[in-house]
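Position 1 is the first residue of the sequence, and the numbers go up from there.
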Amino acid sequence: MSTQGRKNVHGKGGVRFKAAYTKSKYESMLRTLVTDLIVHETVTVTLATAKELSALADKLVTLGKRGDLHARRLAARTVRDVWADEKNKVTALQKLFGEIATLHKDRNGGYTKVLKVTNRRGDNAPMAIVTWTR
């Protein structure tokens, strides 16, 4: 006897929808955002995402301040391989370990700041701007 409903999740019957946003998609979004933060030095996102992004960016700056090969490889797992400055052939990882880590060498944490801005027009979600501290 067959089950009723759609069979779209591993052949299980009765499943009406699949979860659209998985953990891997969320982590991929954070990787892209932290890379954009390194490249463009400011990102506008929702407030909840800004808090997660700030924590991840602070961890990457701590790795950048360490500066050894192991820290670079750990950071390379998160930062995407994109050009930060294509004219000078500088990748996002090189910018993190060169420019951004030296900018915060005297600071002990708090490398990013989250500034709340107005709510998004479409769904009224609270928005925030994430940027590096100077």
- Query: Does any N or O in the side chain of T131 come within less than 3.5 Å of the main-chain N or O of E41, such that one atom is a donor and the other an acceptor?
  - Reply: yes
- Taking atom CG of L63 and atom CZ of R72, what is their separation to the nearest 0.5 Å? 11.0 Å
- Message: I'd like to know if E27 and R31 make a salt bridge, using a cut-off of under 4.0 Å between side-chain N and carboxylate O.
- Response: no
- Task: Quick one: do W83 and V90 satisfy side-chain contact (heavy atoms from CB on, under 4.5 Å)? Show the steps, please.
- Result: CA-CA 6 Å; W83 293 112; V90 176; 5.8 Å; no
- Query: Taking everything shown except N88 itself, do over 12 heavy atoms lie less than 6.0 Å from its CG?
  - Reply: yes
- Task: Indicate the atoms forming the closest heavy-atom contact of I38 with K95, along with that distance.
- Result: O-NZ, 3.2 Å
- Query: How close do A50 and V114 get, heavy atom to heavy atom, and via which atoms?
  - Reply: CB-CG1, 3.9 Å
- Query: What is the distance from atom NZ of K65 to atom CG of L60, rounded to the nearest 0.5 Å?
  - Reply: 13.5 Å
- Spacing of R80 atom CZ and T78 atom OG1 [to the nearest 0.5 Å]: 10.0 Å
- Task: Start with the C-alpha distance between V61 and R107, add both sets of side-chain angles, then the distance that settles side-chain contact (heavy atoms from CB on, under 4.5 Å), and finish with yes or no.
- Result: CA-CA 11 Å; V61 172; R107 180 181 285 268; over 6 Å; no
- For the student: nearest non-hydrogen atoms of F97 and A75, plus distance: CE1-CB, 3.7 Å
- Item | Atom CG of D81 with >12 non-hydrogen neighbours under 6.0 angstrom | no
- Return yes when atom CZ of R77 has more than 12 non-hydrogen atoms of other residues, nucleotides or ligands closer than 6.0 Å, and no otherwise. no
- Query: Quick one: CG on N124 to CG on N119, what's the gap to the nearest 0.5 Å?
  - Reply: 4.5 Å
- Item | ILVMFWY network linking V82 to V79, side-chain heavy atoms under 4.5 angstrom | no
- Message: Checking the side chain of H104 only, and the main-chain atoms of T133 only, is there a donor and an acceptor separated by less than 3.5 Å?
- Response: yes
- Message: Same cluster or not: W132 versus V34, using hydrophobic residues (I, L, V, M, F, W, Y) connected whenever any side-chain heavy atoms lie under 4.5 Å apart?
- Response: yes
- Query: Would a hydrophobic clustering, with Ile, Leu, Val, Met, Phe, Trp and Tyr connected at side-chain separations under 4.5 Å, put V39 with Y111?
  - Reply: no
- Query: Is L30 linked to L74 within one hydrophobic cluster, defined over Ile, Leu, Val, Met, Phe, Trp and Tyr using a side-chain heavy-atom separation of less than 4.5 Å?
  - Reply: yes
- Heavy-atom nearest pair, E52 first then Y26, reads CG-OH, 3.3 Å
- Item | Cluster overlap L33 with L47, hydrophobic side-chain contacts below 4.5 Å | yes
- Message: Please evaluate residues T112 and L37 with respect to the criterion side-chain contact (heavy atoms from CB on, under 4.5 Å), reporting the C-alpha separation (whole Å), side-chain torsions for both, the decisive distance (0.1 Å), and the verdict.
- Response: CA-CA 10 Å; T112 56; L37 180 63; 4.3 Å; yes
- From CG (L103) to CG (L96), nearest 0.5 Å: 11.5 Å
- When every non-hydrogen atom of A76 is compared with those of L93, the smallest separation belongs to CB-CD2, 3.8 Å
- Query: Counting N and O atoms only, with roles assigned by atom type, does the side chain of S28 sit under 3.5 Å from a partner on the main chain of S24, one being a donor and the other an acceptor?
  - Reply: no
- Note on the structure: In terms of heavy-atom contacts, A125 and T46 come closest through CB-CG2, 4.3 Å
